[in-house]
Trainee: 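Have a look at this one before I ask anything.
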Amino acid sequence: MKTLLNKILKECRPYIKQGRLASYIPELLKADKKEFGICVVSADSMDFAGDYDKKFTMQSVIKPLILLMALMDNGEEPVRQLVGVESTGKPFDAFNYSDLALKREHINPMINTGAIALCSLIKGIDYRKRFDRLLELTRKLSGNPELEVDEQVYASEKLTGNKNRALAYMLKAYGMLEDNVEDVLDCYFRGCSIKASAVDLANIALVFANGGIDVKTGEYMFDKKYARYVNAVLMTCGMYDGSGEFALNVGVPAKSGVGGGIMAVVPGRMGIGLYSPALDSKGNSIAGIKALELLSRELDLSIF
Ligand code: GLU
């Protein structure tokens with residue numbers, strides 16, 4: 001496996017130059033485009049290559065965990081009432097809704113509007129506490145108690161995140177968000193700024209791949225029906241408006257983030273974490289997607 005992973009990184013590295021670092025969060029421009037790492041973990045093995053231990057901010061890879069926490073705290077019904085599950089076919093931060101009113105059918109948990117709305121379903125006496133619980137869950141699923149927020153990225157996003165502010169106020173305008181917008185956004189921005197490595201993402205993915213059980217320890221983390229919920233939404237909406245292509249070419253539930261990370265869930269088999277910060281026009285790691293295509297072909301990973 002290690003030889004295969006090294007070979008894949010070598011073959012996919014040339015794609016990096018076709019990609020660009022995310023620039024709308026200024027701090028993300030400091031990433032090193034050349035970095036490229038992968039980790040594959042299953043019940044009894046872990047293999048990695050390249051910059052597998054390099055830390056980057058999770059960005060949208062936190063969205064499946066926001067969804068999971070909302071499900072664990074409330075059950076399925078309140079989550080379904082607030083946010084739909086249809087893919088939008090639009091960019092993750094789009095606000096060009098054509099109908100007169102914003103409705104749940106317009107949003108899903110993997111676009112910014114949906115993830116911001118779902119932060120309001122996380123339980124806690126205040127939004128700082130809600131974020132602390134989200135961080136705790138992320139640490140638990142990754143098996144890494146040291147995960148922390150990248151304070152520079154957090155500050156950078158909070159300062160410049162006016163599009164997300166607009167989306168949150170739109171939720172409020174249409175009665176889909178009761179709480180204080182800045183408080184809700186603070187939880188969302190902090191979540192996006194959690195620093196993790198490809199190894200951390202692979203470990204989180206493995207729990208989703210095994211229906212909420214940590215196969216390495218046998219510990220029950222969450223209900224299997226929530227793993228199904230999250231995996232299904234990842235399959236149709238996880239890779240931005242490139243989710244259809246990804247379903248065809250890779251064929252597993254996955255989530256990418258503008259920090260360059262991808263977390264891929266291979267149900268019943270393995271968790272995969274990838275990092276390469278140069279992005280394609282949709283916001284997906286360009287070399288990361290190519291690597292997953294090759295890996296899927298080599299190991300016959302597609303669930304279809
Ligand atoms: N923090 C980013 C934002 O809200 C996350 C976007 C992403 O990774 O897709 O714009």
Side-chain angles (χ1 to χ4, degrees), residues 19-31 55-67 83 87-96 107-120 127 131 134-135 138 147 149-171 177 181-196 198 200-201 204 233-234 236-243 246 253-264 273-286 288-289:
R20 288 182 169 199
L21 295 173
S23 56
Y24 75 103
I25 300 173
E27 196 66 21
L28 293 183
L29 273 174
K30 293 189 181 158
K55 297 264 187 219
F56 50 91
T57 52
M58 290 176 74
Q59 299 299 334
S60 277
V61 183
I62 197 65
K63 286 172 178 158
L65 298 177
I66 293 175
L67 170 60
V83 177
S87 76
T88 63
K90 289 180 183 152
F92 61 92
D93 56 355
F95 49 94
N96 50 335
I107 59 182
N108 70 59
M110 297 303 138
I111 58 169
N112 291 9
T113 321
I116 293 167
L118 287 174
C119 284
S120 72
Y127 271 88
F131 168 70
L134 179 65
L135 177 61
T138 313
L147 295 187
V149 166
D150 182 320
E151 295 294 336
Q152 275 80 32
V153 174
Y154 161 66
S156 179
E157 183 161 2
K158 198 173 165 84
L159 191 69
T160 59
N162 290 323
K163 217 166 167 188
N164 284 324
R165 270 182 195 98
L167 294 173
Y169 276 107
M170 194 149 78
L171 284 165
L177 188 64
V181 162
E182 282 303 327
D183 290 348
V184 182
L185 284 173
D186 194 69
C187 176
Y188 172 74
F189 291 148
R190 278 183 202 277
C192 290
S193 306
I194 295 172
K195 270 185 293 189
D200 298 319
L201 299 194
I204 297 171
V233 175
L234 289 182
T236 51
C237 313
M239 300 300 283
Y240 304 122
D241 40 334
S243 297
F246 190 84
K255 185 73 203 91
S256 56
V258 295
I262 305 179
M263 171 183 103
L274 264 142
Y275 171 58
S276 172
L279 309 178
D280 64 17
S281 59
K282 302 195 161 165
N284 291 313
S285 167
I286 192 160
I289 289 210

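First listed ligand is number 1; within each ligand, the first listed atom is number 1.
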Trainee: Can you tell me how far apart CG (Leu234) and CZ (Phe246) are? Round to the nearest 0.5 Å.
Mentor: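 Rounded to the nearest 0.5 Å, the CG-CZ separation comes to 10.0 Å.
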Trainee: Tell me: protein heavy atom nearest atom 4 (O) of ligand 1, and distance?
Mentor: Tyr188 OH, 2.7 Å
Trainee: Using a 4.0 Å cutoff against the non-hydrogen atoms of Gly257, which atoms of ligand 1 qualify?
Mentor: 8 (O)
Trainee: Going by the order shown, which atoms of ligand 1 are within less than 4.0 Å of some heavy atom of Tyr240?
Mentor: 7 (C), 8 (O), 9 (O)
Trainee: Between Asn108 (side chain) and Ile111 (backbone), is there a donor-acceptor pair under 3.5 Å?
Mentor: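 Pair found, side chain donor or acceptor close to backbone of Ile111.
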Trainee: Just wondering, are more than 12 heavy atoms of other shown residues or ligands nearer than 6.0 Å to CZ in Arg165?
Mentor: yes
Trainee: Record the part of Glu157 in heavy-atom contact with ligand 1 below 4.0 Å; permitted values are side chain, backbone, both and neither.
Mentor: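 The answer is the side chain of Glu157.
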Trainee: Applying a heavy-atom cut-off of 4.0 Å, say which part of Asn164 lies close to ligand 1: side chain, backbone, both or neither.
Mentor: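 It is the side chain that gets close, since no backbone atom is under 4.0 Å.
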Trainee: Report the member of Tyr154, Tyr24, Phe189 with the shortest heavy-atom distance to atom 10 (O) of ligand 1.
Mentor: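 Answer by nearest heavy atom: Tyr24.
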Trainee: Go through ligand 1 atom by atom and flag the ones less than 4.0 Å from a non-hydrogen atom of Gln59.
Mentor: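 Checking each atom against Gln59, I get 1 (N), 2 (C), 5 (C), 8 (O).
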Trainee: How does Cys192 reach ligand 1, by side chain, by backbone, by both or by neither, if only non-hydrogen atoms under 4.0 Å count?
Mentor: side chain
Trainee: How close do Pro26 and Ser156 get, heavy atom to heavy atom, and via which atoms?
Mentor: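 Taking every non-hydrogen atom into account, CD-OG, 3.3 Å.
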Trainee: To which protein heavy atom is atom 7 (C) of ligand 1 closest, and what is the distance rounded to 0.1 Å?
Mentor: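 For this ligand atom, the closest protein heavy atom is Ser60 OG, 2.6 Å.
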Trainee: Would you check if Lys163 and Asn112 make a side-chain contact, meaning some heavy-atom pair closer than 4.5 Å?
Mentor: no
Trainee: Check whether Ser285 reaches the backbone of Ser276 with its side chain - one donor and one acceptor, N or O, closer than 3.5 Å.
Mentor: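 Looks like yes, one N/O pair under 3.5 Å.
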Trainee: Between Ile262, Ile289, Leu201, which is the residue that forms a side chain to side chain contact (heavy atoms under 4.5 Å, CB included) with Leu274?
Mentor: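 Answer to the side chain to side chain contact (heavy atoms under 4.5 Å, CB included) test with Leu274 among Ile262, Ile289, Leu201: Ile262.
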Trainee: Side chain or backbone of Val258 under 4.0 Å from ligand 1, or both, or neither, by non-hydrogen atoms?
Mentor: both
